[in-house]
Amino acid sequence: MSLPGRPEPRHLRGFRDLFGAALTSRRRMIDTLVSVYERYGFTALETPALEYVDVLGKFLPEADSPQGGIFAFRDENSDWVGLRYDLTAPLSRVIAEYPELPRPFRRYQVGPVFRAEKPGPGRYREFHQCDFDTVGSASPLADAEVCGILSDAMEALGIPRGSYIVRVSDRKVLNGILERAGVRSDDADPNRVLTVMRAIDKMDRISLPGVRDLLGAGRVDESGDPTRGARLTPAQIEAIVRYLEVSRSDRPAHLREIGSLVAGSAVGEEGVAELARIDECLAKVGYGVDRVVFDPTVVRGLAYYTGPVFEVELTFEVKDETGATRRFGSVAGGGRYDDLVERFLGQKLPATGGSIGVDRLLAALSVLAPAPAGRMPGSVMVLVLHPSLAGESFALAHELRTAGLAAEVFLGKGSLRNQMKYADDRGIRCVVLVGEDELKAGTVSVKDLQLGGELAREVQSRETWKRERPAQVTVPRADLIPTLRSMGTSSTR
RNA sequence: GCAGCCGUAGCUCAGUUGGCUAGAGCGCCUGACUGUGGAUCAGGAGGUCGAGGGUUCAAGUCCCCCCGGCUGUACCA
């Protein structure tokens with residue numbers, strides 16, 4: 001679509017250009033999340049988008065090039081560098097690189113991360129995460145705090161209680177269940193445990209019968225694509241299913257049930273004890289099952305989590321363009337990862353935290369509370385009726401800004417008609433006109449474009465439209481600012 | 001990665017069994033309207049039909065391949 005020899009303007013798949021309103025609402029969301037994190041005492045951290053690939057932890061055991069999934073290249077010294085795919089790997093690097101940091105180290109971080117994977121609806125290759133982590137604390141209080149923060153964050157964003165839920169599980173409990181059922185990876189299937197966890201993770205999509213198939217022989221989806229199963233014995237499958245069906249509506253009851261299922265497994269009992277402490281803390285501050293539930297189907301990430309794992313799900317349903325019902329599912333997650341800093345320090349350092357997917361959450365919220373189609377509140381444009389009056393308009397715009405209004409002078413070229421249309425297209429709330437008439441009379445004309453647009457619907461004939469000049473007033477110049485304020489302009493955009 | 005569907009103006013699409021200069025609606029520009037965004041009317045700009053190759057007298061239409069998009073699925077630190 002471009003001329004020969006000229007580059008075609010285009011952008012990378014899975015990347016986006018974002019304009020005004022989208023960025024404004026993202027910034028607002030981030031501000032809200034940060035205020036919650038700061039209320040819990042976390043401090044800000046920023047790290048580079050680019051890291052050495054071995055720092056990111058993305059080298060395959062016996063390969064000299066990075067694993068797929070990240071954007072990577074060789075730097076001027078031929079070292080592999082790559083764009084970060086999350087904010088946790090850079091955090092673990094910071095912990096190891098600055099041993100003088102006070103521990104527990106508690107930081108939040110917001111920023112873009114990059115993943116070289118297939119984009120989908122609401123899934124991009126560059127997206128923003130908003131993380132908080134406590135590094136250097138093994139206390140379940142830290143985990144309970146993560147649950148509380150995730151819950152508080154959702155409500156601070158205006159998501160009503162009941163429209164979201166924080167789901168919590170513990171990897172140690174799952175390990176205990178597998179241990180008691182005799183499920184382990186071996187030579188016949190070195191990835192068996194991994195396959196089992198993947199199967200459980202799919203619970204929300206394929207439901208229990210599908211999970212059963214994946215624990216056993218495998219299943220074939222509607223496109224005819226086969227997925228290999230974990231090939232467990234019927235008794236093992238039943239043991240896992242019993243765990244997945246444990247009650248979730250009551251945390252103490254859940255603890256009793258899983259407690260009996262893992263009895264005799266040291267790791268399992270340890271996990272139950274952790275969850276019990278979390279429940280105790282949450283109950284003490286009144287976070288009931290309308291905010292945080294224990295749910296064995298939460299697995300997450302599958303790789304580095306070592307203890308409690310968290311997931312925030314939006315529970316309301318929406319209709320998409322085709323009228324089909326859709327759920328947003330997971331918008332945030334987290335968990336305890338006691339091994340992550342070990343690869344730098346050679347010793348375990350307990351850590352736990354959470355991560356909120358800003359862009360995904362933003363997409364969900366735009367459905368829950370669609371942005372009002374109104375104009376930028378408090379925006380004023382001073383039009384230029386004649387080139388010789390441009391200086392007058394320029395000065396007027398400055399005067400408005402000095403008074404705290406968001407005002408600009410029309411900088412393009414074109415007739416008044418064009419200027420009105422431009423202001424309308426831009427979403428400007430009010431326009432100010434100073435022409436010869438006004439100048440002579442010591443007045444200004446002010447038009448409320450929003451109100452005018454509403455009134456225009458009543459007007460049929462061009463003559464009436466012109467004669468009545470809906471939503472427009474001419475006032476003494478001294479009354480300009482009060483007039484604008486009465487029209488609903490404020491000092492912010 | 002695998003599978004299925006789809007690529008025609010800025011956008012949404014139509015285009016009969018291959019057949020003159022490829023159409024519509026919306027949007028955009030200009031004018032009716034000399035100082036007014038809406039509405040109405042009139043006119044206008046804009047497409048080597050995703051790229052390349054092949055079959056044919058003739059290809060937007062048929063075949064091959066590549067690229068891109070959508071959907072499902074797998075993977076997801």
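So that the names make sense, note that chain A is the first sequence line, chain B the second, and so on, each numbered from 1.
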Using the [atom1] atom on both, measure [N] against [M] and round to a whole Å.
| N | M | atom1 | answer |
| --- | --- | --- | --- |
| B:A24 | B:G69 | P | 31 Å |
| B:A39 | B:A51 | C1' | 44 Å |
| B:C65 | B:U55 | C1' | 15 Å |
| B:G52 | B:U48 | C1' | 13 Å |
| B:A9 | B:G27 | C1' | 11 Å |
| B:U61 | B:G54 | C1' | 15 Å |
| B:C26 | B:C63 | C1' | 36 Å |
| B:G31 | B:C49 | P | 33 Å |

Return the value, rounded to whole Å, for the distance between atom [atom1] of [X] and atom [atom2] of [N].
| X | N | atom1 | atom2 | answer |
| --- | --- | --- | --- | --- |
| A:Asn418 | B:U30 | CG | P | 5 Å |
| A:Gln472 | B:G35 | CD | C1' | 9 Å |
| A:Gln419 | B:G37 | CD | P | 12 Å |
| A:Arg198 | B:A74 | CZ | P | 11 Å |
| A:Arg228 | B:C2 | CZ | P | 20 Å |
| A:Lys118 | B:G4 | NZ | P | 13 Å |
| A:Phe71 | B:A77 | CZ | C1' | 15 Å |
| A:Met420 | B:G38 | CE | P | 9 Å |

Write down the partner of [N] under the Watson-Crick or G-U wobble criteria, each distance required to be under 3.5 Å.
| N | answer |
| --- | --- |
| B:U55 | none |
| B:C28 | B:G44 |
| B:U36 | none |
| B:A9 | none |
| B:U21 | none |
| B:G72 | B:C2 |

So, [X] side chain and [Y] main chain: donor-acceptor pair closer than 3.5 Å or not?
| X | Y | result |
| --- | --- | --- |
| A:Asp86 | A:Ala89 | yes |
| A:Asp448 | A:Leu451 | yes |
| A:Arg115 | A:Arg84 | no |
| A:Asp170 | A:Leu275 | no |

Assign [X] to base, sugar-phosphate, or nothing according to its heavy-atom contacts below 4.0 angstrom with the strands shown.
| X | value |
| --- | --- |
| A:Leu433 | base |
| A:Arg115 | base |
| A:Glu454 | nothing |

For this session: Name the residue closer to the 5' end of RNA chain B, choosing between A:Asp86 and A:Ala471 according to the nucleotide with the nearest heavy atom.
Result: A:Ala471
For this session: Consider the side chain of A:Asp424, meaning its heavy atoms from C-beta on, and name the nucleotide among B:G35, B:G37, B:A74 that approaches it most closely.
Result: B:G37
Problem set entry | Residue from A:Tyr37, A:Phe310, A:Phe105 passing ring pair (Phe, Tyr, Trp, His ring centres under 6.0 Å) with A:Phe132 | A:Tyr37
For this session: Please step through side chain to side chain donor-acceptor pair (under 3.5 Å) for the pair A:Thr474 and A:Thr443, ending with a clear verdict.
Result: CA-CA 6 Å; A:Thr474 299; A:Thr443 60; 5.6 Å; no
Side-chain N or O of [X] closer than 4.0 Å to phosphate OP1/OP2 of [N]:
| X | N | value |
| --- | --- | --- |
| A:Lys421 | B:C33 | no |
| A:Arg13 | B:G69 | yes |
| A:Arg123 | B:C75 | no |
| A:Arg417 | B:G37 | yes |

For this session: Would you kindly check if the NZ (Lys) or CZ (Arg) of A:Arg106 is within the cone defined by 45 degrees around the ring axis of A:Phe42 and under 6.0 Å from the six-membered ring centre?
Result: yes
Problem set entry | A:Tyr422 over B:G37, stacked by centroid distance under 5.5 Å, angle under 30° | no
